[in-house]
Peer 1: 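Take this structure, written in structure tokens, and hold onto it; I'll ask about it next.
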Amino acid sequence: MKIFYREHLKPFLKKPYFGFIMVGLVLLIVRFLVDVLPPDLYGAIVITSYYYIAGLGFALLLGYGGLASLGTGAFVGIGAFGLHYVYRFLEMPLLVAILVGIVLSIIISIAFGFVSLRISGMYLAIVTMGLSQIIIEIIKNIPKYASGTSGGFLSGGPPRPLVFLGMELSQDGSVVFMAVFVVLSMTIVHNLITSPTGRALLAIKNSETAAQTMGINLLKYRLLAFVISGVLGSIAGVLSMMYIRNASVSQIGLTFALNILAAVIIGGTKSIWGILMGTFVIFGLDLAVFQRLELGNLSLIINGILIILVVMFYPGGLIQLVGDLKKQFKIIKKKLREKIYGPE
Amino acid sequence: MTFTDIISILLNALVGFSYLSLATFGIVLIFKTSSTTNFAQGSLGILGAYTTSYLIDKQGVSDLTGLPSVVITSPWQLVLPMLGGIMVSFIVGLLIDVVIFRNAKFTNAATKQIITMGLVIVITGLIPVIFGAATMRQSFVFSDKTITFLGVPLPVHQLITLALSAFLIIFIFMMLKYTKWGLGVRAVASNERVAGLMGINTNRINSLSWAIAGALGALAAITYTAAIGSLSSTSMIDMQVNAFYASILGGFSTFFGPLAGAFLLTTAQALFPAILVSYNMAPWSNTFLYIAIIIAVLIKPAGLFGKKVIKKV
């Protein structure tokens, strides 16, 4: 049994893709446990799962590209409002509406990429903030979204239920979409960062000049990083729209971009699993844990202090904490063994 | 466009500049010394504004309703609470540097951004705990009177603010130019490590910069929330974002640049709607404003008045 585990099962379990599929499976299970789980916890898990996609895209920019962009909100907005507009007012099928959002976000992320070639550092953060503000202003001024809040699919005008392949999608039904997209984007990001592309991005992050001397095309990789993060961001927006059925421009502004930035930094900028933890700390912890303890306003304070402490003392992110714990665990195990069997 | 329109646009720009210059200066001061964009600048100011409002409210409670109702009779009733609010922001700014930023000096810029964001969350949570559950508080203007200048009506409150901020900004510029503290700030801004080696107490410079930035933010918040007539924990966000745009428009590398950027920004803010309204596109003025800023920054990446920094490899 032990040999079977070590030779066949363990290599399989240690494969990264196994973990990704497990995440998808857990999401599916959560979807069917909707009546059993407390609604706060369920909501926290779902919110974490779709913002995790945006976080993954952003990690590619920050951890591998070294570009501290504050424009994530714009892409989430494009996804959410694009889906709403194309699906409800142009009456296209769902998949077409999603595709339109993705195409739009590709075009706009290319613009972001070109801007990043000319501006860097803190300036880039503020300029991308301005760019996303432009997108938000445009969304606000499209007449059908009076003042930038979509009424969702339910109120105002003729409502159109979400239909996918002839089936009507309920709120919980869209969790299945989330599972699919989370697994897909985890796989894509994992493959990208373990391929020459990831190494090229890292080289650019460390020194643009040196990377260019080694024959790395700055334009190509910058644009690639921005496009992928933009597409993942808009998918997060689409999923949030499918789940919440409502969107508001006040939710995709600077605060949201900062939250995503915080999620990625708290989790660990270069680790897929770390970002999952970071996203949960930022978007889910308050909902799932603090509010159930009925701390009131203290929950905000605790959350803020937690963010500051993690960032100050674990610059590598929460994933570093996990690594440290593992190390400690191994040391304790070794000590125990020495105590029982005597020193080797 | 008539002469009165032009005067009105210019005066509006000046009035907007009086708030924005204070906020911008705080942000630049921290950017120069701690090399991070301080997202907590607005919240720091709001903390001071809440203190001021609270202190004024304490002065009198209406017998009839049990709610605070204050009749301002002497100017000291306003000035002392304002000083109190500014002091609170000053001290909190000092504490932020001493407790947090001194220990996070050598982390990267994005990490420092996150710390300031965490501060925003903490302060937003603290305000209801300290000042009671009401999310909105009353804010107080210096004077309700309005005078007419060249056919343009102007509230006296905004004129006083303008004078106050002009005085403060000139005062700080003099300090930067002629005092030892100013020399220290400029040295730390150009290179913190070398400044430390040259015998400058960089810790003291940094914490004083945070404190002064907090005080400036508080003054901006107190006067601005009084002018717009509402005070909540988010009312300085727009101002703060505009201050960032002003800073990159003028360029962070000088102290003068961001202020010039702030003036350009407020002028454009007053000018664009006035032009666009005749094309029936007034709601789009913000969009055009941001596009104009970004084009300007793309053409001159170091800002309109910035110097290009050449990196040695």
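Throughout, a chain's letter reflects where its sequence line sits, starting with A, and its residues are numbered from 1.
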Peer 1: Enter the distance from Leu261(A):CG to Phe39(B):CZ here, rounded to the nearest 0.5 Å.
Peer 2: 8.0 Å

Peer 1: To the nearest 0.5 Å, tell me how far Tyr290(B) OH sits from Met129(A) CE.
Peer 2: 8.5 Å

Peer 1: Shortest non-hydrogen contact from Val127(A) to Ile294(B)?
Peer 2: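 It is O-CD1, 3.7 Å.
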
Peer 1: Less than 4.5 Å apart, side chain to side chain, heavy atoms only: is that true for Met117(B) and Asn259(A)?
Peer 2: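 They are in contact (side-chain heavy atoms under 4.5 Å apart), so the answer is yes.
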
Peer 1: Hey, could you give me the OG1/CD1 distance between Thr287(B) and Ile138(A), rounded to the nearest 0.5 Å?
Peer 2: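 One finds 6.0 Å between OG1 of Thr287(B) and CD1 of Ile138(A).
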
Peer 1: Give, as side chain, backbone, both or neither, the part of Ile100(B) having an atom under 4.5 angstrom from any heavy atom of chain A.
Peer 2: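 Looking at Ile100(B), backbone and side chain both touch chain A.
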
Peer 1: Would you mind telling me which of Thr124(B), Val122(B), Ile237(B) has the largest number of heavy-atom pairs within less than 4.5 Å of chain A?
Peer 2: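 With the most close heavy-atom pairs to chain A, the winner is Val122(B).
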
Peer 1: Heavy-atom distance under 4.5 Å to chain B: side chain of Leu254(A), backbone, both or neither?
Peer 2: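 Side chain only.
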
Peer 1: Can you measure from CD1 (Ile266(A)) to CD1 (Ile114(B)) and round to the nearest 0.5 angstrom?
Peer 2: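 Output value for this atom pair is 7.0 Å.
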
Peer 1: Measure Leu67(A) against the heavy atoms of chain B and call it side chain, backbone, both or neither at under 4.5 Å.
Peer 2: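 No part of it gets close to chain B.
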
Peer 1: Can you spot which of Ile305(A), Leu306(A), Leu258(A), Ile307(A) makes a side-chain contact (heavy atoms from CB on, under 4.5 Å) with Ile121(B)?
Peer 2: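 Looking at Ile305(A), Leu306(A), Leu258(A), Ile307(A), the match for Ile121(B) under the side-chain contact (heavy atoms from CB on, under 4.5 Å) is Ile307(A).
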
Peer 1: Taking all non-hydrogen atoms of both residues, which atom of Gln133(A) and which atom of Tyr245(B) are closest, and how far apart?
Peer 2: CB-OH, 3.6 Å

Peer 1: At what distance, to the nearest 0.5 angstrom, does CG of Leu298(B) lie from CZ of Phe114(A)?
Peer 2: 12.0 Å

Peer 1: Given heavy-atom pairs under 4.5 angstrom as the criterion, report whether the side chain, backbone, both or neither of Ala210(A) touches chain B.
Peer 2: neither

Peer 1: Identify which part of Leu309(A) has an atom lying under 4.5 Å from any heavy atom of chain B, answering side chain, backbone, both or neither.
Peer 2: neither

Peer 1: List the atom of Val99(B), the atom of Met312(A), and the distance in Å for their closest heavy-atom pair.
Peer 2: O-CE, 4.4 Å

Peer 1: For Phe252(B), is there any backbone N or O sitting under 3.5 Å from a side-chain donor or acceptor partner on Tyr123(A)?
Peer 2: yes

Peer 1: For Ile123(B), is it the side chain, the backbone, both or neither that has a heavy atom under 4.5 Å from a heavy atom of chain A?
Peer 2: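 Looking at Ile123(B), nothing touches chain A.
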
Peer 1: Is a donor on one side and an acceptor on the other found under 3.5 Å between the side chain of Arg118(A) and the backbone of Ile299(B)?
Peer 2: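 A pair under 3.5 Å: yes.
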
Peer 1: Rounded to the nearest 0.5 Å, how far apart are CD1 of Ile126(A) and CZ of Phe244(B)?
Peer 2: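 The CZ atom of Phe244(B) is 6.0 Å from CD1 of Ile126(A), to the nearest 0.5 Å.
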
Peer 1: What are the two closest non-hydrogen atoms of Pro301(B) and Ile119(A), and how far apart are they?
Peer 2: CB-CG1, 4.3 Å

